[in-house]
Each structure stands twice: as structure tokens, then as C-alpha cells.
*Asks:* 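One structure coming up, written as C-alpha cells, with questions to follow.
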There are 2 protein chains.
Amino acid sequence: MANNQELDALFQNLADPTRRAILARLAHGPATVTDLAAPFDMALPSFLQHLRKLEDGGLIETTKQGRIRTCTLRVGALAPARTWMEEQRLLWEGRHDRLEDYLATLTKGPDDHG
Amino acid sequence: MANNQELDALFQNLADPTRRAILARLAHGPATVTDLAAPFDMALPSFLQHLRKLEDGGLIETTKQGRIRTCTLRVGALAPARTWMEEQRLLWEGRHDRLEDYLATLTKGPDDHG
DNA sequence: CTGATTGTTAGCCATGAGACTAACTATCAT
DNA sequence: ATGATAGTTAGTCTCATGGCTAACAATCAG
């Protein structure tokens with residue numbers, strides 16, 4: 001099971017549309033900073049902050065060669081998030097059995113003014 | 001495909017450990033505000049803000065009966081997030097074919113200081 | 001060396017998140 | 001009515017986020 005803080009950072013990273021778009025674009029293959037930044041109506045330094053967050057969160061890797069920095073997706077970085085969601089779904093499904101049971105206790109309560 | 005803003009709010013909601021814990025707890029069945037709040041070392045108003053965020057984000061539903069507010073999970077609320085991740089994964093896997101190709105272009109570059 | 005390209009750093013600013021206390025409302029029990 | 005219980009509202013505080021400009025560093029082309 002992933003650490004709480006890891007999930008915090010992961011979901012936090014995914015909570016931004018710019019960063020999700022970056023990931024989606026990188027999914028098609030590596031790209032340079034300038035190429036990545038082009039579609040966004042945003043100053044470069046602002047954009048770099050997003051890249052840094054993604055890198056800090058382990059979602060991408062970057063390497064610099066000359067003045068060109070190339071960004072690559074870190075496949076598998078999303079795994080902890082998927083795992084958490086899967087756990088949730090299993091719990092929810094397990095709960096279905098008990099739902100009817102719970103509803104029964106409600107109608108048996110001392111007062112239902114409907 | 002889910003809207004960007006919907007995903008923003010969804011992932012933002014999941015980026016907090018308190019809120020994830022609330023969801024995990026609710027996965028076992030509905031609970032009242034006080035019951036939910038008990039395990040957290042946090043003032044009630046602070047806790048309520050989390051509940052409100054979850055409700056605003058459509059992750060939970062709440063109903064009040066007398067002075068008791070009962071919170072319930074909204075099953076399926078996580079679906080857009082799961083869908084986005086699944087899309088990502090498909091893209092990544094599709095990319096694998098082209099990875100070797102890409103690496104080939106690198107080694108053919110003007111300079112590899114390896 | 002000069003200048004363009006590519007990225008980086010530093011510093012500023014507005015906003016929102018997430019916590020708190022204090023005071024309040026509404027319900028239930030007696 | 002009184003008081004306890006359950007939740008709410010209002011207002012404050014601090015810090016992180018995400019944007020900007022301006023200036024800088026480093027590399028490549030000529």
C-alpha cells in the first residue's frame with residue numbers, strides 16, 4: 001500500500017489541468033521543454049514550475065543535453081493512485097451486500113416522518 | 001470523456017489524506033458527521049470543510065434527519081478519474097512500440113557522450 | 001566575439017486551502 | 001424551560017499554489 005504522502009503528492013499533481021495535459025502529451029513520446037510549453041498560453045517560468053512538480057512527484061524524468069531538456073514519462077508512476085482507487089472500488093462493492101441491511105435498520109428506527 | 005474542471009475537483013479532493021480517509025471509512029457504510037470526525041485530531045469546523053468539499057465534488061451525499069447528518073458514498077464518483085488513468089495507461093502502452101524507435105534516433109544523433 | 005535560442009533563477013503578487021476559535025442554531029431529553 | 005448534543009456560521013490566520021516580470025546563464029550558429 002502506498003504511503004499517504006505519496007498519494008497526496010500524486011493526486012495533487014493530477015489536480016491541475018496543465019499538468020494532466022503535459023502527461024497526456026508525453027504519453028505520445030518524449031518532448032523538449034519548449035515543445036511541451038508551446039500549446040499553453042503561459043509564461044515559460046510558470047510552465048517550468050509545473051514540470052518541476054511533475055519531476056519532484058516522480059511522474060516524469062528529464063535529461064538535459066546541450067541547452068535542450070527532454071522530458072519523458074515515468075511509466076508506472078500512476079500505479080499507487082490506481083491501486084488506491086481499486087481498493088476503494090473493492091470496498092464499495094463489498095458494501096453492497098450490507099446496504100440493504102443498513103436500510104432495514106433505518107425503517108426500524110424510532111421515528112420516520114418520511 | 002470527463003470535463004477538465006470535473007477532474008480538477010476530483011483529484012483535488014483526493015489529494016487530501018483526511019478526505020481519502022473519510023472515503024475509505026464511508027466505503028464500509030454510511031456514518032454520521034460526529035462518528036466520521038471522531039478519529040481525526042481536528043476541530044469540527046475544519047472537518048466539516050472537508051465534508052463540504054467532498055459533497056461539492058459529488059463524492060458523497062448527506063442527508064439530515066433531526067440533528068443528525070448522515071453521509072453516504074456516491075458510488076461511481078471516482079469513475080472519471082479511473083477513466084482518465086485508464087486512457088493514460090493505454091497511451092503509454094501504445095507508446096512502447098515507438099520507444100525503441102525513438103531510442104534509435106537518439107543514438108544516431110550528432111553527439112552521444114554516454 | 002556577437003547574437004539568438006533555451007532554459008533557469010529570483011522576487012513579487014493574488015488567491016485558495018486548511019487549520020483555528022468563538023458564537024450561534026437546532027434538536028432531543030428531562 | 002434547561003441543558004446537553006449535533007452541527008453550523010463567521011471571522012481570523014498561515015502557508016502553499018500558480019501566475020507574472022525581469023534578469024541571468026548556458027549553449028549553439030555565424
Side-chain angles (χ1 to χ4, degrees), chain A residues 4-23 25-26 30-57 59-72 106 109-114, chain B residues 4-23 25-26 30-57 59-72 109-113:
Chain A
N4 258 1
Q5 292 186 340
E6 186 183 359
L7 284 176
D8 288 0
L10 190 41
F11 283 124
Q12 187 62 50
N13 248 322
L14 296 177
D16 184 280
T18 300
R19 289 192 292 266
R20 283 200 309 279
I22 292 173
L23 293 177
R25 182 159 174 146
L26 283 182
T32 70
V33 170
T34 306
D35 279 356
L36 279 175
F40 300 97
D41 188 18
M42 183 184 298
L44 235 202
S46 312
F47 183 79
L48 281 181
Q49 285 183 343
H50 288 297
L51 279 188
R52 179 155 305 170
K53 280 212 167 184
L54 287 172
E55 192 170 14
D56 287 350
L59 286 160
I60 68 173
E61 275 174 7
T62 77
T63 55
K64 196 167 179 178
Q65 202 162 346
R67 16 169 208 182
I68 309 283
R69 180 172 294 278
T70 302
C71 306
T72 322
L106 278 192
D111 175 32
D112 76 355
H113 69 68
Chain B
N4 259 0
Q5 292 185 339
E6 186 183 0
L7 284 176
D8 289 0
L10 189 41
F11 283 124
Q12 188 61 52
N13 249 322
L14 296 178
D16 184 281
T18 300
R19 290 194 292 268
R20 283 200 310 277
I22 292 174
L23 294 178
R25 181 158 175 146
L26 283 181
T32 70
V33 170
T34 306
D35 279 356
L36 279 176
F40 299 97
D41 187 19
M42 185 184 297
L44 236 203
S46 312
F47 184 78
L48 282 180
Q49 285 183 344
H50 288 297
L51 280 187
R52 178 154 305 169
K53 280 211 166 186
L54 287 172
E55 191 169 15
D56 288 350
L59 286 160
I60 68 173
E61 276 173 8
T62 77
T63 55
K64 197 167 179 179
Q65 203 162 347
R67 24 173 199 176
I68 309 282
R69 180 172 294 278
T70 301
C71 305
T72 323
D111 176 30
D112 77 354
H113 69 71

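In what follows, every chain begins at residue 1, and chains take the letters A, B, ... in the order their sequences are listed. Keep in mind the model is a prediction, meaning the values are calculated, not measured.
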*Asks:* Taking CD1 from A:I68 and C1' from C:dT8, how many angstroms apart are they, rounded to a whole number?
*Replies:*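 My rounded result for the distance is 14 Å.
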*Asks:* Does a side-chain N or O of B:K64 approach OP1 or OP2 of C:dT27 to a distance below 4.0 Å, or not?
*Replies:*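 No, outside the criterion.
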*Asks:* Using heavy atoms to find the nearest nucleotide of DNA chain D for A:L44 and A:R67 separately, return the residue whose nucleotide is more 5′.
*Replies:*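 Final value for this comparison: A:L44.
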*Asks:* Could you check A:E55 against A:T62 for side-chain hydrogen bond (donor to acceptor under 3.5 Å, both in side chains), going step by step and ending with a plain yes or no?
*Replies:* CA-CA 7 Å; A:E55 192 170 14; A:T62 77; 3.1 Å; yes
*Asks:* Return the OG1 to CD distance between A:T70 and A:E61, rounded to the nearest 0.5 Å.
*Replies:*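 Nearest 0.5 Å value for the OG1-CD distance: 12.0 Å.
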*Asks:* In whole angstroms, how far is the P atom of D:dT17 from the CG atom of B:D8?
*Replies:*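 Those two atoms, CG and P, are 15 Å apart.
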*Asks:* Within the 4.5 Å heavy-atom criterion, are B:I22 and B:F47 side-chain neighbours or not?
*Replies:*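 Yes, side chains in contact.
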*Asks:* Let me know the distance between CG of B:L51 and P of D:dT9, rounded to the nearest Å.
*Replies:*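 Value for this atom pair: 13 Å.
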*Asks:* Write down the distance between CG (A:L14) and P (D:dG18), rounded to a whole number of angstrom.
*Replies:*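 Roughly 12 Å, once rounded to whole Å.
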*Asks:* Does A:S46 place a side-chain N or O at less than 4.0 Å from the phosphate oxygens OP1/OP2 of D:dG18?
*Replies:*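 For D:dG18, OP1/OP2 do not have a side-chain N/O of A:S46 under 4.0 Å.
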*Asks:* Rounded to the nearest angstrom, tell me the gap between atom CG in B:D56 and atom P in C:dA17.
*Replies:*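 B:D56 atom CG is separated from C:dA17 atom P by 11 Å.
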*Asks:* Taking all atoms of both residues into account, what is the closest heavy-atom pair of B:L26 and B:A31, and its distance?
*Replies:*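 Taking B:L26 first and B:A31 second, the nearest heavy atoms are CD2-N, 3.8 Å.
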*Asks:* If you assign each of A:M42 and A:G66 to its closest nucleotide in DNA chain D, which residue comes earlier from the 5' end?
*Replies:*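 Nearer the 5' end of the strand: A:M42.
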*Asks:* Looking at D:dT9, I'd like to know if its phosphate oxygens (OP1 or OP2) sit under 4.0 Å from a side-chain N or O belonging to B:R52.
*Replies:*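 Yes, because at least one side-chain N or O of B:R52 sits under 4.0 Å from OP1 or OP2 of D:dT9.
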*Asks:* Rounded off to whole Å, could you give me the CG-to-P distance for the A:N13 and D:dA16 pair?
*Replies:*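 Between P of D:dA16 and CG of A:N13: 16 Å.
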*Asks:* Return the nearest nucleotide to the side chain of A:H50; candidates are D:dG18, D:dT21, C:dA19.
*Replies:*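 Shortest atom-to-atom distance from the side chain points to D:dG18.
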*Asks:* To the nearest angstrom, how far is A:Q49 atom CD from D:dC20 atom C1'?
*Replies:*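 Spelled out: CD on A:Q49 to C1' on D:dC20 is 10 Å.
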*Asks:* What is the distance, to the nearest angstrom, from the CZ atom on A:R19 to the P atom on D:dG19?
*Replies:*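 Going from A:R19 (CZ) to D:dG19 (P), I get 8 Å.
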*Asks:* Find the distance between CZ (A:R25) and SG (A:C71) and round it off to the nearest 0.5 Å.
*Replies:*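 Rounded to the nearest 0.5 Å, the CZ-SG separation comes out at 11.0 Å.
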